[in-house]
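All remarks here apply to the structure that follows.
Lettering follows sequence order; numbering is per chain, from 1. No experiment lies behind these values; they were computed from the predicted model shown.
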Number of protein chains: 2
Amino acid sequence: MSLEVEGADEAQTEAVTKNLVFTAAERLFALHGFQNVSVRDITAEAGVNLASVNYHFGSKDALLFEIFRRRTTELNRERARLLHEANDRHGGKPPVREILAALFIPPLRWMAPENDRRISLQFLIRARSEGTEEIRTVLRTDVTHLRRFSDALTAARPDLPDVEVYWRLHFVLGMLHNNRFSEFDRMNALADGRMGEGDTAALLERMLDFAEAGFIR
Amino acid sequence: MSLEVEGADEAQTEAVTKNLVFTAAERLFALHGFQNVSVRDITAEAGVNLASVNYHFGSKDALLFEIFRRRTTELNRERARLLHEANDRHGGKPPVREILAALFIPPLRWMAPENDRRISLQFLIRARSEGTEEIRTVLRTDVTHLRRFSDALTAARPDLPDVEVYWRLHFVLGMLHNNRFSEFDRMNALADGRMGEGDTAALLERMLDFAEAGFIR
DNA sequence: GCCAGTTTCATACGGTCGTAAGACTGCCCT
DNA sequence: AGGGCAGTCTTACGACCGTATGAAACTGGC
């Protein structure tokens with residue numbers, strides 16, 4: 001249940017322009033939202049020609065979709081691997097806290113201040129609520145990914161009815177997805193800046209404490 | 001800790017056209033988002049003239065802001081009243097569960113299927129994440145409203161450090177705000193439709209159980 | 001050195017958007 | 001009777017948007 005970084009980058013490939021567009025778009029979408037960023041904004045930020053978006057991605061929608069698909073896949077893969085490891089560690093039946101940790105750790109790793117995936121997480125959170133119709137498709141595939149976790153939780157708490165598990169997982173995900181910056185900043189203002197955003201390890205423990213309590217009860 | 005409806009409508013006033021625009025806009029914004037709804041969509045839905053929005057509200061932004069301001073005020077007032085009643089009932093020091101109930105009950109009341117404020121809640125949740133710059137101003141005033149609750153929670157759990165209370169309140173709010181339909185539908189698909197959205201009274205108890213557990217622990 | 005391909009470039013098209021301007025309508029007050 | 005006015009209507013302007021087009025530049029293979 002550690003936050004230490006691991007894994008290496010995939011081979012970043014081919015067309016520089018395509019990558020420039022991808023990165024600039026992800027960043028701008030994350031910061032200002034899909035609708036508030038024009039193709040012209042993106043290409044200007046990337047320092048490439050206006051037509052690049054349509055040439056390399058087909059359309060603005062397709063660009064959004066591709067970013068979303070890639071980041072979602074990466075996040076889900078990290079989560080699945082952690083869950084798998086937790087299974088190995090506990091003979092296929094990990095306790096609630098370990099399951100939740102597999103869910104929490106990847107986004108928290110990304111959220112770490114020095115991590116360049118911070119913006120990717122911000123993008124994902126935003127895309128989730130402003131999504132295109134096509135993105136809802138991906139979110140539906142996400143369900144099959146979530147099932148791994150609901151199944152694990154059901155196994156860890158066989159006394160709980162299925163529906164109860166789904167609800168609590170729903171609550172936990174809400175808690176997790178609410179970690180967008182604006183909401184955090186509001187709470188931090190309330191706390192006079194003493195909430196200490198930097199310490200993601202402490203945040204993980206806090207979140208696990210809270211979520212586990214709701215699950216164990 | 002009941003969900004029974006109460007209170008009467010305020011005097012709905014003056015210009016019919018203004019109200020028609022207000023209602024149509026709230027509905028369309030809630031369903032499709034601010035950016036995806038044009039002034040022409042709104043006036044068509046309301047059955048009024050295109051110029052009505054600018055005449056009665058000044059601009060599209062101002063219209064969004066006015067809807068948001070009114071609904072936020074209403075929600076906050078309901079919450080504040082419930083908190084006040086809880087204070088009266090417990091000599092100024094209500095237990096955690098009662099404080100959380102004051103936070104949860106108003107939006108859950110609105111969310112009830114037969115309630116015509118259902119769309120207002122959907123609007124509020126959406127506006128919170130797609131907000132204009134001006135809306136962030138209202139959210140900052142919201143902080144002073146939240147403080148009532150963080151203060152009450154601190155009083156109920158004097159052994160907990162302030163910061164801990166803020167974090168847990170942050171988690172609870174995330175859990176609450178995630179009750180948008182899309183997220184709920186995703187979980188409900190996972191549960192093969194057995195999550196029973198209709199029964200808001202049961203949902204309230206479930207949410208209180210979960211949140212209280214995280215707070216008491 | 002030239003050709004086929006891929007990629008980049010400048011530019012323009014059609015469309016939608018928010019907003020403003022000005023004419024028009026109905027109603028109240030004196 | 002008529003003037004003032006709040007409200008409604010039609011229409012249009014200027015801006016910005018996503019995308020398509022065709023020419024230009026670049027690339028590696030022969």
Please state how far atom OH in A:Tyr55 lies from atom C1' in D:dA24, giving the value in whole angstrom units. 14 Å

Taking atom P of D:dT19 as reference, at what distance in whole Å does atom CG of A:Asn54 sit? 5 Å

Can you check the B:Phe57 CZ to C:dG18 P distance for me, whole Å? 15 Å

Separation of C:dC13 atom C1' from A:Leu50 atom CG, nearest Å, is 13 Å

Check the distance between C:dG18's P and A:Asn36's CG and give it to me in whole angstrom. 13 Å

Hey, are the side chains of B:Met207 and B:Leu108 touching, using non-hydrogen atoms and a 4.5 Å cut-off? yes

When you look at B:Glu66 and B:Lys18, which way does the side-chain contact (heavy atoms from CB on, under 4.5 Å) test go after all the steps? CA-CA 12 Å; B:Glu66 184 157 330; B:Lys18 186 167 183 179; 4.0 Å; yes

Determine the contact category for B:Ser52: base if any of its heavy atoms lies under 4.0 Å from a base atom, sugar-phosphate if only primed atoms, P, OP1 or OP2 are that close, otherwise nothing. nothing

Whichever of B:Arg40 and A:Asp41 has its nearest DNA chain D nucleotide further upstream toward 5': B:Arg40

Distance only, no hydrogens: is a donor on one side chain within 3.5 Å (strictly under) of an acceptor on the other, for A:Thr73 and A:Asn76? no

Pairwise 5' ranking along DNA chain D for A:Ser38 and A:Ala51, keeping only the more 5' one: A:Ser38

Whole angstroms only, please: what is the CD-C1' distance between A:Gln35 and D:dC16? 14 Å

Testing D:dT19, C:dT19, D:dG7 for proximity to the side chain of A:Val39, the answer is D:dT19

Can you see if the side chain of B:His56 gets near the phosphate of D:dA6 - specifically, an N or O under 4.0 Å from OP1 or OP2? no

Ignoring hydrogens and geometry beyond distance, is a side-chain donor-acceptor pair present between B:Thr154 and B:Asp151 at under 3.5 Å? no

Nearest to the side chain of A:Lys60, which nucleotide is it out of D:dT19, C:dT8, C:dT19? D:dT19

Within a 6.0 Å radius of atom CZ on B:Arg27, are there more than 12 heavy atoms belonging to other residues, nucleotides or ligands? no

Between P on C:dT19 and CG on B:Asp61, what's the gap in Å once rounded to a whole number? 6 Å

Using whole Å, what does the distance between atom C1' of nucleotide C:dG18 and atom CG of B:Leu64 come to? 14 Å

Choose from C:dT8, C:dA12, D:dT8 the nucleotide whose nearest atom is closest to any side-chain atom of A:Thr17. C:dT8

First encountered from the 5' end of DNA chain C, between A:Gly47 and B:Val53: A:Gly47

Think A:Asn49 has a side-chain N or O under 4.0 angstrom from the OP1 or OP2 of C:dA10? yes

